[in-house]
Asks: 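The structure follows.
Nothing here was measured: the structure is a model prediction, and the numbers come from that model. All values below were derived from every heavy atom in this structure, side-chain atoms included, with hydrogens, water molecules and symmetry-related copies excluded.
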Amino acid sequence: MQTLAEALKQLLAGVEPVAGEEFRPTAQCAGRVLARAVQSTMDVPPADNSAMDGYAIRLTDAGQERLVAQRIPAGQMPQALPDGGVARIFTGAFVPAGAEAVVMQEQCAARTDSEGRTWVRLPESIPAGQHVRRRGEDILAGSELLACGTRLGPAHLGLAASVGLAELPLRRRVRVALFSTGDELVMPGEPLPPGAIYNSNRFTLRALLEQLGAEVVDHGIVPDRLEATRQALADAAAGADLVMSSGGVSVGEEDHLKPAVESLGRLDFWQVAIKPGKPFAQGRLRRGDGSEALYVGLPGNPVSSYITFLLLARPLLLRLCGCADHEPRRLRLPAAFEWRRPDPRRQEFLRVRLQPDGRLALHAHQGSGVLSSLAFADGLAVLAPGQTVQAGELLDYLPLSELM
């Protein structure tokens with residue numbers, strides 16, 4: 001068996017992002033990966049503007065009563081501030097020439113004279129630049145706005161929109177061919193014969209792939225026969241960057257993926273020292289034109305399939321997408337449980353939930369077929385081979401949100 005670190009290193013070695021890019025409207029770019037860096041076309045803010053509702057003033061007018069010479073709402077160009085006058089200004093409005101600070105309206109006393117004019121008395125002490133957001137203090141024109149390889153989230157899209165970018169250059173989507181193996185599998189909605197089970201992996205894996213921005217081609221369920229498996233792999237490789245299967249990667253007589261992959265290309269490794277998820281296949285499949293598609297084979301047990309996807313297939317997919325960062329962040333949190341039956345050879349990933357008191361609660365059933373443990377969990381407690389756990393002990397906690 002290989003360690004997880006060894007498997008990841010081998011899995012990602014020599015893998016380059018998919019070729020090709022496209023421009024898409026900024027509003028449609030969530031979850032996609034930038035194909036190249038994007039520079040700002042303007043300063044943000046584009047001019048000095050007010051951070052408060054109040055009055056734009058000269059510092060020499062502090063402590064004085066001054067006439068309100070103009071009213072400046074956001075979106076209106078101001079006139080220069082006259083001598084002896086102040087400007088009524090609102091949040092986001094451009095600061096007029098001559099103004100040196102903004103005073104909050106709550107700090108001023110306003111009155112209206114007999115001619116209907118408004119006067120305000122200003123506080124005695126006013127710092128220079130108070131409540132003024134300076135031009136370019138957020139973003140400078142020509143500076144790098146978003147780096148190549150950024151996986152775009154809502155804040156990135158808002159940032160691009162804030163400098164007027166209506167579209168962005170993206171890596172094309174990674175095409176993933178997905179299929180399941182097993183004569184026992186039945187789709188939800190169909191009758192369940194004796195000995196059969198519903199195919200849950202098809203739904204979890206497709207959802208995970210699409211959440212990571214992949215274009216998924218679903219090839220359905222493949223029978224447990226060598227020639228059928230070989231043909232399914234060949235068909236899938238013809239139109240995909242990555243072929244992904246679940247099931248059939250153990251060493252039983254009905255597990256045909258290993259010889260089928262080897263007949264079309266090569267299989268690079270087979271077992272990884274993690275629990276759940278030891279059986280994991282990775283290799284390459286030759287296409288008819290001599291090029292190759294990547295291949296990963298996940299275990300059939302639903303939890304094993306899910307965990308190996310997160311730990312191994314996800315980093316591979318993000319590398320293919322051109323994503324600059326695939327390393328999830330971990331936290332150190334105390335356990336609310338004991339663990340007395342460690343695996344002496346494999347790194348373990350226990351399904352846990354973060355409680356309101358900051359401790360990690362363990363799902364009662366940690367078997368590789370217990371899909372309810374994943375619905376319960378919001379993260380994984382990571383244990384070294386042979387590691388036991390006492391209540392209160394600090395553990396590495398890997399939030400599932402970091403892996404999506």
Asks: With sequence neighbours left out, which residue pairs that include part of residues 203-248 fulfil the ring-ring contact (aromatic ring centres under 6.0 Å, His included) condition?
Replies: none
Asks: Answer yes or no: is there a donor N or O on one side and an acceptor on the other, between the side chain of Gln387 and the main chain of Ala384, under 3.5 Å?
Replies: yes
Asks: Under a 4.5 Å cut-off applied to non-hydrogen side-chain atoms, are Leu170 and Cys29 in contact?
Replies: yes
Asks: Do Trp339 and Leu383 have side-chain heavy atoms sitting under 4.5 Å apart?
Replies: yes
Asks: Are Arg319 and Glu16 close enough for a salt bridge, meaning some N to O gap below 4.0 Å?
Replies: no
Asks: Just do the side-chain contact (heavy atoms from CB on, under 4.5 Å) check on Leu380 and Leu350 with the steps written out, would you?
Replies: CA-CA 5 Å; Leu380 304 172; Leu350 305 180; over 6 Å; no
Asks: Taking the side chain from Arg121 and the backbone from Gly63, do they hold a donor-acceptor pair closer than 3.5 Å?
Replies: yes
Asks: Among Ile221, Asp224, Asn199, which residue meets the side chain to side chain contact (heavy atoms under 4.5 Å, CB included) test with Glu184?
Replies: Asp224
Asks: Salt-bridged, Arg340 to Glu338, with N to O below 4.0 Å?
Replies: yes
Asks: Should the pair Asp241-Arg172 be classified as a salt bridge under the 4.0 Å nitrogen-to-oxygen rule?
Replies: yes
Asks: Could you pull out the closest heavy-atom pair between Glu22 and Arg32, with the gap in Å?
Replies: OE2-NH2, 2.6 Å
Asks: Checking Thr3 now: which residues fulfil side-chain hydrogen bond (donor to acceptor under 3.5 Å, both in side chains) with it, not counting sequence neighbours?
Replies: Glu6
Asks: Would you say Glu348 and Pro342 make side-chain contact, with heavy atoms under 4.5 Å?
Replies: yes
Asks: Are any non-hydrogen side-chain atoms of Val174 and Leu317 less than 4.5 angstrom apart?
Replies: yes
Asks: Test side-chain contact (heavy atoms from CB on, under 4.5 Å) on Leu205 and Phe179; report intermediate values, then the result.
Replies: CA-CA 10 Å; Leu205 294 177; Phe179 66 88; over 6 Å; no
Asks: Using the side-chain hydrogen bond (donor to acceptor under 3.5 Å, both in side chains) criterion, which residues pair with Asp289? Sequence neighbours excluded.
Replies: Ser291
Asks: Taking all non-hydrogen atoms of both residues into account, name the closest pair between Leu331 and Pro399 and its distance.
Replies: CD1-CG, 4.4 Å
Asks: Is a donor from one side chain sitting under 3.5 angstrom from an acceptor on the other, for Ser180 and Arg202?
Replies: no
Asks: Write down the atom of Ala147, the atom of Thr150, and the distance for their closest heavy-atom approach.
Replies: O-OG1, 2.7 Å
Asks: For Ala234 and Leu264, work out which heavy atoms get closest and say how close.
Replies: N-CD1, 3.8 Å
Asks: Could you list the donor-acceptor pairs under 3.5 angstrom formed between side-chain atoms of residues 306-313 and any protein atom two or more places apart in sequence or on another chain?
Replies:
from	atom 1	to	atom 2	distance (Å)
Thr308	OG1	Ser304	O	2.7
Thr308	OG1	Ser305	O	3.2

Asks: Out of curiosity, Phe90 CZ to Asn49 CG, how far, rounded to the nearest 0.5 Å?
Replies: 14.5 Å
Asks: Is a donor on one side and an acceptor on the other found under 3.5 Å between the side chain of Thr26 and the backbone of Glu167?
Replies: yes
Asks: Quick one: ring-ring contact (aromatic ring centres under 6.0 Å, His included) pairs with a partner in residues 21-60, sequence neighbours left out?
Replies: none
Asks: Indicate yes or no: at least one non-hydrogen side-chain atom of Val382 is less than 4.5 angstrom from one of Arg330.
Replies: yes
Asks: Would you list the pairs meeting ring-ring contact (aromatic ring centres under 6.0 Å, His included) in which at least one residue belongs to residues 121-165, sequence neighbours left out?
Replies: none
Asks: Distance-only, no hydrogens or angles: does the Gln347 side chain make a donor-acceptor pair with backbone N or O of Ile274 under 3.5 Å?
Replies: no
Asks: Give every donor-acceptor pair under 3.5 Å between a side-chain atom in residues 92-108 and any protein atom, sequence neighbours left out.
Replies:
from	atom 1	to	atom 2	distance (Å)
Glu100	OE1	Leu59	N	2.8
Gln105	OE1	Arg88	NH1	3.2
Gln105	OE1	Arg88	NH2	2.7

Asks: State whether the side chain of Glu124 and the backbone N or O of Ala62 hold a donor-acceptor pair below 3.5 Å, judged by distance alone.
Replies: no
Asks: Does the side chain of Thr91 reach to within under 4.5 Å of the side chain of Arg133, using non-hydrogen atoms?
Replies: yes
Asks: Please name the pair of heavy atoms, one in Leu316 and one in Leu294, separated by the smallest distance, quoted to 0.1 Å.
Replies: CD1-CD1, 4.0 Å
Asks: Do we see a donor-acceptor contact under 3.5 Å between the side chains of Gln271 and Gln2?
Replies: no
Asks: Measuring only between side-chain heavy atoms, which start at C-beta, is Gln282 closer than 4.5 Å to Val296?
Replies: yes
Asks: Which is it for Leu165 and Leu145 under the side-chain contact (heavy atoms from CB on, under 4.5 Å) test, yes or no, and what are the steps along the way?
Replies: CA-CA 11 Å; Leu165 295 176; Leu145 187 71; 4.0 Å; yes
Asks: I need the Leu168 CG to Leu146 CG distance, nearest 0.5 Å.
Replies: 7.0 Å
Asks: What residue pairs, at least two apart or across chains, pass ring-ring contact (aromatic ring centres under 6.0 Å, His included) with a residue in residues 356-375?
Replies: His363-Phe376
Asks: Does atom CZ (Arg332) have a neighbourhood of more than 12 heavy atoms from anything else shown, all under 6.0 Å?
Replies: yes
Asks: Output all residues satisfying salt bridge (Lys or Arg N to Asp or Glu O under 4.0 Å) with Arg117, sequence neighbours left out; order by chain, then residue number.
Replies: Asp113, Glu115
Asks: I'd like to check the salt bridge (Lys or Arg N to Asp or Glu O under 4.0 Å) partners of Asp53; sequence neighbours left out, ordered by chain and number.
Replies: none
Asks: Is the closest side-chain heavy-atom distance between Val15 and Leu320 below 4.5 Å?
Replies: yes
Asks: Between Arg287 and Ala240 (side chain of the first, backbone of the second, donor and acceptor by atom type, cut-off under 3.5 Å), is there such a pair?
Replies: yes
Asks: Test your reading of the model: is there a side-chain donor-acceptor pair from Arg58 to the backbone of Leu81, 3.5 Å cut-off?
Replies: yes
Asks: Can you sort out the partners of Arg134 under side chain to side chain contact (heavy atoms under 4.5 Å, CB included), two or more places apart, ordered by chain and number?
Replies: Asp48, Val132, Glu137
Asks: Residues two or more places apart in sequence or in another chain: which of them pass salt bridge (Lys or Arg N to Asp or Glu O under 4.0 Å) with Arg135?
Replies: Asp43
Asks: Stepwise, does the salt bridge (charged side-chain N to carboxylate O under 4.0 Å, His left out) test hold for Glu393 with Arg359?
Replies: CA-CA 10 Å; Glu393 182 178 347; Arg359 299 192 304 160; over 6 Å; no
Asks: Which heavy-atom pair separates Leu257 from Gly247 by the least distance, and what is that distance?
Replies: CD1-O, 3.0 Å
Asks: Is any NZ, NE, NH1 or NH2 atom of the basic residue among Glu21 and Arg36 found under 4.0 Å from an Asp or Glu carboxylate oxygen of the other?
Replies: yes
Asks: Any chance CD of Gln390 has more than 12 other-residue heavy atoms, nucleotides or ligands included, within less than 6.0 Å?
Replies: no
Asks: Please check: side-chain N/O of Arg175 versus main-chain N/O of Arg173, any donor-acceptor pairing under 3.5 Å?
Replies: no
Asks: Are Met1 and Val272 close enough, and set up right, to give a side-chain contact (heavy atoms from CB on, under 4.5 Å), and what steps lead you there?
Replies: CA-CA 5 Å; Met1 290 191 293; Val272 184; over 6 Å; no
Asks: I'd like to know if Glu262 pairs up with Arg266 as an ion pair, taking the criterion as any Lys NZ or Arg NE/NH1/NH2 lying under 4.0 Å from an Asp or Glu carboxylate oxygen.
Replies: no
Asks: For Leu122, does its backbone N or O pair with a side-chain atom of Gln64 as donor and acceptor, under 3.5 Å?
Replies: no
